[in-house]
Amino acid sequence: MRTRPVIPDAYCVDPGFAKSFAQLRDRFFMRDAGHWPVFADPSLAHVVAQRKRHLPRQERIAAYPDGRRLLARLRAADRIPETSASPSSPDPLLLFAAALSKNWEDPACVENVITTPSDPAIVGTMVGVLANANLVFSEYAELASELEALVIRQIANLVGYDPARATGIFTQGGTFCNLYGYLLGIRKSLPLSREYGLEHGQDYRIINSHGGHYSNVTNLSLLGVNLRRKTIRIHITANNDMDLVDLERQLRACIQLNCVVPTIMLTMGTTDTFGVDQVSPVVEIRDRLYEEAGIAVKPHIHVDSAIGWPMIFFLDYDFEANPLRINAAAMSGLRNHARLFRQLRLADSFTVDFHKWGHVPYTSSLIMIRDGADLKALEHDPENFGYFDKDVEGHTHLHSTIECSRSATGVFGAYAALHHLGAAGYRRLLAHDLQNAAYFRHRLKQVPGVKLAAEQNQGPSVGFRIYDPALVGDAEAEFAAEIACVGADTDERRNRNSLYHRELFKRRGKVGLYTNWIESLAYSSYDHRGGYHRIPGEKAVFMSPHTGYGHIDAFLATLRG
Ligand SMILES: *Cc1c(COP(=O)(O)O)cnc(C)c1O
């Protein structure tokens, strides 16, 4: 029998924390009809009961009542039924598909920045579905647009924006929020682009980070930006944050060449390694260079904080008194994140994905804009909006939004989650996740041949690489050599190491934690032409209130297969 490893004090979960966290989880994440009576509905109760079984993927179909036959039907059906179906008998296929969709309630599910929604957010979303408000236009939304404005004020206050001046738009997802971020800069600095497109008039460059999410790139392509010639991807440091020296050099070159820089896209919390860009020095560099050059319209700074935004719940946390009794291991990372996320209020706009670390159902995304007047630049000619009554145009940003129909369910879900969990509830959730992540790092570091990536970032994501002990004596040194690309056979060695880890990962199967494989765990140093190699590896993201040290221990027991 395996005995539990001795846990150093810094990594122990305080009993007081554990108790209040368990209460939070029981009330807000258990789909308990005692707390949330809607879950007693027979269809919902069936789906919930099936999803609580947490069986391995390959066993689920056989374990579901009539599962094999239902699967065959699901795959073969291709006609809309001719006759109506009675409301009294729920469609078994509907329930089957819901029960056996990816189970984010399973504590082993740590694959990506995807979370299980909280009970209040599910109930709030359902209430919003009943109202079916359309935020495109105030007349089609009525009080739903007031609720949207309320959530925007709450987030504005939390981050440190002036709520009277700030605004925001709930939209399709973090990708769209980032699209708005780019567009705000483009329309402010190249106003003619609305009518004539981007290639009219002045030359320009868009600036983003090499460590950014892929939407930072795909959105540009969508906007018609020449990715090869008109996009500058700033180099990143070993922590995956933006290299400020490279940024200043590139920005200076743009100014010298009379090239407009509409937007600088930063990231706070990269998807794989939780790299966090600093906003303050970027604002300082931008303001200094543009003031020196006497250019009035400065680049719009948008921060992609799709995952990272909930760190703003810690901006005012009393780190000295530590009332929640968060353990020392998680506290050191949190302190540093609070320092960085305090800078978010300096951004011109930022992305909030409630459906990620906010535990709200899909999709619930909000772009926050520091100065509501910026949306003026996005307005299209009212002539295009002929079928809306001009007198009723309210505060729904009708002429500025990218979408027409805009669902309000995300607003209802987000509002309910914020209301029921409260700021302290969010702090507990994040602290729990970061305690898990810190414990996982601590355990991994004790395994010979394991190297953690971007360990300093101390976010919810833990990326690592496992080396063959027969070939690699010192994992730190081997990783450093892979990063530096020194030696004649670097490609061969990196590939050999990656293959070893990949085989191990596949052979191990899924026990304790369902980690996943990523191609860009880390990047090698840049060569003189800016070229680099991606270094693959394995990652786990701790965002589940259901995951605990026991799951981590079970995973580690089978780490090497
Ligand atoms: C998930 C993610 C996005 C995209 O957001 P969606 O809501 O999935 O469209 C953008 N940036 C980062 C850093 C993300 O993690």
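Counting starts at 1 for both ligands and their atoms, in listed order.
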Going by the angle between their ring planes, with limits at 30° and 60°, are Tyr523 and Tyr532 parallel, tilted or perpendicular?
perpendicular
Looking at Arg465 and Pro536, would you say the former's side chain and the latter's main chain have a donor-acceptor pair under 3.5 Å?
yes
CG/Leu179 to CD1/Ile367 distance, rounded to the nearest 0.5 angstrom?
9.0 Å
Is ligand 1 less than 4.0 angstrom away from at least one heavy atom of Asp353?
yes
Would you sort out whether Asn436 and Thr547 count as a side chain to side chain donor-acceptor pair (under 3.5 Å), showing the intermediate values?
CA-CA 8 Å; Asn436 276 339; Thr547 310; 5.3 Å; no
Do me a favour and list the nearest non-hydrogen protein atom to atom 3 (C) of ligand 1 with residue, atom name and distance?
Lys356 NZ, 3.2 Å
Just need the protein heavy atom nearest to atom 4 (C) of ligand 1, so name the residue and atom and give the distance.
His213 CE1, 3.4 Å
Parallel, tilted or perpendicular for His355 and Tyr362, by the 30°/60° rule?
tilted
Thr271: numbered ligand 1 atoms lying under 4.0 Å from its heavy atoms
12 (C), 13 (C), 14 (C), 15 (O)
If you measure every N/O of Gly174 against every N/O of ligand 1, is any gap under 3.5 Å?
yes
Among Thr175, Asn112, Ile114, Thr351, the residue with a heavy atom nearest to atom 9 (O) of ligand 1 is Thr175
Checking the N or O distance criterion of under 3.5 Å, is ligand 1 in contact with Ser215?
no
So Tyr415 and His419, would you call those rings parallel, tilted or perpendicular, with 30° and 60° as cut-offs?
parallel
Looking at Ile307, which atoms of ligand 1 are within less than 4.0 Å of one of its heavy atoms?
15 (O)
Hey, which atoms in ligand 1 end up nearer than 4.0 Å to a heavy atom of Gly173?
7 (O), 9 (O)
Within the structure, does His355 bring an N/O atom to less than 3.5 angstrom of an N/O atom in ligand 1?
yes
Answer yes or no for Thr363: is there a heavy-atom contact with ligand 1 below 4.0 Å?
no
Does any N or O atom in Asp304 lie less than 3.5 angstrom from one in ligand 1, N or O only?
yes
Atom OG of Ser138 and atom CD of Glu148: how far apart are they, to the nearest 0.5 Å?
11.0 Å
Parallel, tilted or perpendicular for Tyr426 and Phe313, by the 30°/60° rule?
parallel
Decide whether the shortest distance between a heavy atom of Gly269 and an atom of ligand 1 is less than 4.0 Å.
yes
I'd like to know if the side chain of Asp353 and the backbone of Ile307 have a donor-acceptor N/O pair within less than 3.5 Å.
no
